[in-house]
*Asks:* 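Just passing along the structure, written as structure tokens.
Only heavy atoms go into these numbers, but all of them, side chains included; no hydrogens, no water, no symmetry mates.
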Amino acid sequence: MKKFILSFAVIAAIGFTSCSSDDDNGGNDDNGCVTCDGYEILGQSVPAMEVCEGENGNAFVQGEDTETAFDEFIAGLELITTCD
């Protein structure tokens, strides 16, 4: 769990805010993405971000593969913010 939180904090600190439009539609919105509200973690404000499900089933943030399954990534985010 600590590894997941650290990985997520690093990604969040970078402040990714969008994903590429060519990602696979994983049953989310029209482009396979969900929007997660902004939040604050470790004293850092993180803006709202789009998380997309790639063809490999991983979560992509700003076109970058997080190497974490989409559902797991969203579940982790929803511990600290809301995603639609």
*Asks:* Between Ile80 and Ile41, what is the shortest heavy-atom contact and its length?
*Replies:*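 Scanning both residues, the minimum pair turns out to be CD1-CD1, 4.5 Å.
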
*Asks:* Measuring only between side-chain heavy atoms, which start at C-beta, is Val51 closer than 4.5 Å to Cys36?
*Replies:* yes

*Asks:* Kindly indicate whether the side chain of Ile74, heavy atoms from C-beta on, has any atom under 4.5 Å from the side chain of Val34.
*Replies:*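 Sidechains of Val34 and Ile74: in contact.
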
*Asks:* Report yes if the side chains of Asn58 and Phe73 come closer than 4.5 Å at any heavy-atom pair, otherwise no.
*Replies:* no

*Asks:* Taking all atoms of both residues into account, what is the closest heavy-atom pair of Cys33 and Glu50, and its distance?
*Replies:* CB-OE2, 4.1 Å

*Asks:* Would the distance check show the side chain of Thr81 and the main-chain N or O of Tyr39 forming a donor-acceptor pair, the cut-off being under 3.5 Å?
*Replies:* no

*Asks:* Does Thr82 use its side chain to pair, donor to acceptor, with the backbone of Asp37 at less than 3.5 Å?
*Replies:* no

*Asks:* Compare all side-chain heavy atoms of Thr35 with those of Met49 and state whether any distance is below 4.5 angstrom.
*Replies:*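 Side chain of Thr35 against side chain of Met49, heavy atoms only: no contact under 4.5 Å found.
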
